[in-house]
Amino acid sequence: MAKGRAIGIDLGTTYSCVAAWEEQNGRAEIIVNDQGNRTTPSFVAFTDTQRLIGDAAKNQAAFNPSNTIFDAKRLIGRKYKDPEIECDLNLWPFKVVPGADDKPMIKVNYKGQEKCLAAEEITSMILTKMKDIAGAYMGSSVENAVITVPAYFNDSQRKATKDASIIAGLNVIRIINEPTAAALAYGLQKRATFSGKRNVFIFDLGGGTFDVSLVTIEHEVFEVRATAGDTHLGGEDFDNRMVHHFVQEFKRKDRVDITGDPRALRRLRNECEKAKRTLSHANDTTIEIDALFQGIDFRFPITRARFEELNRDLFEKCMEIAQNCLDDAKMEKRELHDVVLVGGSSRVPKVQSLLEKFFERNDLCNSINPDEAVAYGAAIQAALLSESYSIVPSMVLVDVTPLSLGVQVKGDLMSVVIPRNTAIPVKMDGVYHTTKDNQSWMSLPVYEGERTKASENNLLDKFSFRGFLMLLEAILSMLCLNLIMMKGRLSSAEIKRMIEEAAVFREEDKKFKKIVEAKNALDYYIYRKERGLKDFNVSSKVSASQKEAILSAFTVGKTLLESEKHNEASVFEDYLKMLQNICQSIV
Ligand code: AMP
């Protein structure tokens, strides 16, 4: 049990959301950010003067595309050479380069200097923002958090997310799967109406990832029966298809190619995302962007049918994955009681109609907010794991391993020890034989994944055994176990360095905020006093030379405000004090 309060964070590819348990109301509360929004864009931007996170970062994306970072969730825990990353590289307006151990590093320009940041660092910045949003609402800083990840995230992606949380100064009390969190939210809101056992199918199609889970709810027990998904399938892919379509159309009609212009691409992407949302309730829409490229205006219509055609294979892939999940759970469609829609992209009408057809029902459940259900469920789990709450719902969660775990045996074969969708925690044994006589050393690589060839799966760890006894039939008896650090994960020295860098970023943000506040105070004072001089005709009490002295002091103040030379708040604070003294002594 964690000491102190705890929050639930849904760390999304495109948007993140934070929630906290409210004992007095018996429910979780979604916490609004400083802009009054319930979800915060998972964007971080770097400029010549400052770092921006969330809405502020997204709002300036079109003007600063190469330093505005999004999609960090698509990079986290992956290698640069990962084929999933390869296709994204051409679409991102920012630069990603291979770093040590083939780790993808994001290149940005911050305050005139080039910086290379890992996806964990960008993610930690988003998490820091979510932590601060919660802290502002709760009145003091909150360290404990339950963080959600796609059910289909592999071990390196989960561990990298944990590393990002450590850098953000969060104590991760548990990582839970997004559809499982949504099931908790749905179960809490609906279980009073349930009688007996309920088989709930969670369909979670977000911005960057897709997950399905089949959960059986019986009284307080939430048992995940099977889960399936794709960590690279979501609304962003639908946007990409539209962007690609319009790039071709623009080329065909106006003979211009915008692919080399990050700003034009960013502007087009923003409009495509808006058009996609419009097409969820309208049959057609038109994208209009003034002077998109070389002064040429962009104006193209798109119908819902065209949008559906562009994404047909992706929508169908969702149905295939849903079928896999049912197969793994060994359950028939007719045994399901509810099909619950989660994730912003589950609003796409074609996705819903395909689902209705697939499940042969027309009562898909969209009664829980698809953008907030995951954070809501994470907050419930956080309350269950924290000592600070006495009134919590009685819920027990049994989750499963999303991927099979096994070892590499002779011939690069994957020998599965724990099959996917096994309830956790679990303990299973495997018996392995040496392949040669008198063999005294053996390395046993542990993999995660569903491929027959072990090396095509995700390597978790390598265990080496030395000096073991050879028993009958060469069954291994281990004398010494030597664990080799898992590849791809940040070392403790790297985490320490990133924590230190995060503190530097925070200090710089604080300093920047202080400068902005000092500048605003000076600017406002000059504006108010100038108006005072004009509006109330104070001039009658003030001699012409005094008035001139005040006005010239204001002019110097304005020049100071416009100058980019000063980066200390005290310069503006001191000048404000001096102006106040002059005005008080004269007026
Ligand atoms: P989430 O990760 O659950 O916050 O989902 C975000 C994704 O949902 C983004 O790709 C959005 O563009 C998409 N989205 C949100 N609302 C709609 C809508 N009305 N129609 C289609 N897609 C939507």
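Read the numbers this way: they start at 1 and go in the same order the structure lists the ligands and their atoms.
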Does T14 have a heavy atom less than 4.0 Å from any atom of ligand 1? yes
Heavy-atom contacts with V348 under 4.0 Å: which atoms of ligand 1 show up? List them by number with element. 21 (C)
Which atom of P262 lies closest to which atom of P93, heavy atoms considered: CB-CB, 3.8 Å
Cation over ring, K58 on F70, under 6.0 Å and within 45°? no
Is the shortest N/O to N/O distance between S345 and ligand 1 below 3.5 Å? yes
Pick, from G344, P349, P41, the option with the minimum heavy-atom distance to atom 8 (O) of ligand 1. G344
Over all heavy atoms of both residues, which pair between A72 and I122 is shortest? Give the atoms and the distance, please. CB-CG2, 3.8 Å
What residue pairs, at least two apart or across chains, pass ring pair (Phe, Tyr, Trp, His ring centres under 6.0 Å) with a residue in residues 116-163? none
Is K253 positioned over the aromatic face of F300, cation under 6.0 angstrom from the ring centre and no more than 45 degrees off axis? yes
For ligand 1, note which part of E273 has a heavy atom under 4.0 Å away: side chain, backbone, both or neither. side chain
Considering only the protein, which heavy-atom contact is closest to atom 4 (O) of ligand 1, and what is its distance? Y15 CB, 3.9 Å
Please state whether G207 comes within less than 4.0 angstrom of ligand 1, counting heavy atoms only. yes
Quiz: residues 174-187 side-chain donor-acceptor pairs under 3.5 angstrom, not counting sequence neighbours:
{"from": "N177", "atom 1": "OD1", "to": "R158", "atom 2": "NH1", "distance (Å)": "3.0"}
{"from": "N177", "atom 1": "OD1", "to": "R158", "atom 2": "NH2", "distance (Å)": "3.0"}
{"from": "N177", "atom 1": "ND2", "to": "D399", "atom 2": "OD2", "distance (Å)": "3.3"}
{"from": "E178", "atom 1": "OE2", "to": "K73", "atom 2": "NZ", "distance (Å)": "2.8"}
{"from": "T180", "atom 1": "OG1", "to": "D399", "atom 2": "OD2", "distance (Å)": "3.1"}
{"from": "Y186", "atom 1": "OH", "to": "D338", "atom 2": "OD1", "distance (Å)": "3.1"}

Proximal ligand 1 atoms for G235, defined as those under 4.0 Å from one of its heavy atoms: 10 (O)
Is it the side chain (CB and beyond), the backbone, both or neither of S280 that lies under 4.0 Å from ligand 1, heavy atoms counted? side chain
One should read off an interatomic distance between T47 OG1 and Q60 CD, to the nearest 0.5 angstrom, of 7.0 Å
What atoms in ligand 1 come closer than 4.0 Å to a heavy atom of G343? 3 (O)
Nearest neighbour in protein (non-hydrogen) for atom 19 (N) of ligand 1: R347 CD, 3.4 Å
What is the nearest protein non-hydrogen atom to atom 10 (O) of ligand 1, stated with its residue, atom name and distance? K276 NZ, 3.2 Å
What do the steps show when you test N33 against T40 for side-chain hydrogen bond (donor to acceptor under 3.5 Å, both in side chains), and what is the final call? CA-CA 7 Å; N33 67 16; T40 300; 3.0 Å; yes
